[in-house]
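Chain naming here is simple, since letters A, B, ... match the order of the sequence lines and numbering starts at 1 in each.
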There are 2 protein chains.
Amino acid sequence: MNERMRIGELAERAEVTPRTVRYYESLGLLPHGEREGGGQHYYRPEMVLRLRKIEQLKKLGLSLEEVAGVIDLYFTDPSGLRAKHKVLGMLRAHLATVDQKVGELQQARDELQAHVVRFEQWLEVQKKG
Amino acid sequence: MNERMRIGELAERAEVTPRTVRYYESLGLLPHGEREGGGQHYYRPEMVLRLRKIEQLKKLGLSLEEVAGVIDLYFTDPSGLRAKHKVLGMLRAHLATVDQKVGELQQARDELQAHVVRFEQWLEVQKKG
DNA sequence: GCTAACGTTGACGTTTACGTCATGTTTATG
DNA sequence: CATAAACATGACGTAAACGTCAACGTTAGC
């Protein structure tokens, strides 16, 4: 009963809109939901995870085009040893760029915290003086 | 000789374009450069830092409007004890949201790394088998 | 089996964050 | 002091990432 849902439920579970789902399908970011006889599309629950991952990567500052270039690394495991090694290389490269970005943001956070601390200490001194 | 520059140099040092500087001025993100007699604007070197900070906050996913709401917390220290306490509160709130965002991105990074490790271990096993 | 809720397709609209001229003025340099 | 390089201002253009509306077909609950 948890198997396969329509676009409305998928969108809701992934906290996006149906429009966004269709837009991503049109960009090849998301496989098209399969039709069952009628004209409507049905999606497997794992697509929720894929959508969430796409949103995560967007928050890292990747464009949808860039996301399209890496999203498969997360969700399709390649058949064949050769392909697996290739994908591993790409995953490492991807991890490196993500590390870079997160590192910069972490630094911004640390600078902000340092600023807050300086501020607090200044006020501490005033209270004693 | 390091004191005050024109828009071209400011932009270059902050790694943005002059257009961006003017756009930010128009949004109130950046104070307008002061004119010296003629029609041209001159900027003090600290504006480079302000611009860099704006770009940092953008990378954290803040819109320019949101940046406008917090950028002064970094660069203007309020006069008056009352005001200082108020700003401290805002700084702490800002730090909390930044922590939230960076935390999520850090988690995305960790998930990616875990994925890479799983991949590596799988290949390790294959080599031995 | 009817009706409300949901989905489909296509097209046009919107917001954010600038890019890119055009035209006139200002500044720096040989 | 002439002239190229840089700046000012205004207007229009653009790319990304969707929003929104219309017109029509599908599905689900009573």
What pair of heavy atoms forms the shortest contact from [X] to [Y], and how long is it?
X: B/Gln56; Y: A/Leu105; value: O-CD2, 4.4 Å
X: A/Glu66; Y: A/Gly61; value: OE1-O, 4.0 Å
X: A/Ala83; Y: A/Ser79; value: CB-O, 3.7 Å
X: A/Phe119; Y: B/Lys84; value: CE2-O, 3.3 Å
X: A/Pro45; Y: A/Met5; value: CA-CE, 3.3 Å
X: B/Pro18; Y: B/Ala11; value: N-CB, 3.6 Å

> Any Lys/Arg nitrogen of A/Arg52 or A/Glu55 sitting under 4.0 Å from an Asp/Glu carboxylate oxygen of the other?
Replying inline: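 Looking at A/Glu55 together with A/Arg52, the answer is no, because their closest N to O distance does not fall below 4.0 Å.
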Between OH of A/Tyr23 and C1' of C/dG7 the distance, given in whole Å, is 21 Å
| In whole angstroms, how far is the C1' atom of C/dA11 from the CZ atom of A/Arg22? |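 Distance check: A/Arg22 CZ to C/dA11 C1' gives 14 Å.
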Do B/Glu104 and A/Leu60 make a side-chain contact, defined as non-hydrogen atoms from C-beta onward lying under 4.5 Å apart? no
Notebook entry, point to check: Passes side chain to side chain contact (heavy atoms under 4.5 Å, CB included), A/Tyr43 versus A/Val21? Steps please.
Noted result: CA-CA 11 Å; A/Tyr43 302 84; A/Val21 172; 4.2 Å; yes
Quick tally for nucleotides 20-27 of chain C: nucleotides whose base has a protein heavy atom under 4.0 Å get B, sugar-phosphate-only ones S, the rest -, giving B-----SS
The answer to which of B/Thr17 and A/Pro18 contacts DNA chain C further toward the 5' end, by nearest nucleotide, is A/Pro18
ask   = Nucleotide range of DNA chain D contacted by chain A, 5' to 3', under 4.0 Å to a heavy atom?
value =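 It runs D/dA17 to D/dT27.
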What residues 53-72 of chain B contributes to the DNA chain C interface at heavy-atom separation below 4.0 Å is B/Lys58, B/Ser63, B/Leu64
| task | Determine: side-chain N/O of A/His41 to OP1/OP2 of C/dG7, distance under 4.0 Å, yes or no. | result | no
* Asked: Cut-off 3.5 Å, side chains only: do A/Gln113 and A/Arg109 have a donor facing an acceptor?
  ->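 Yes, a side-chain donor-acceptor pair sits under 3.5 Å.
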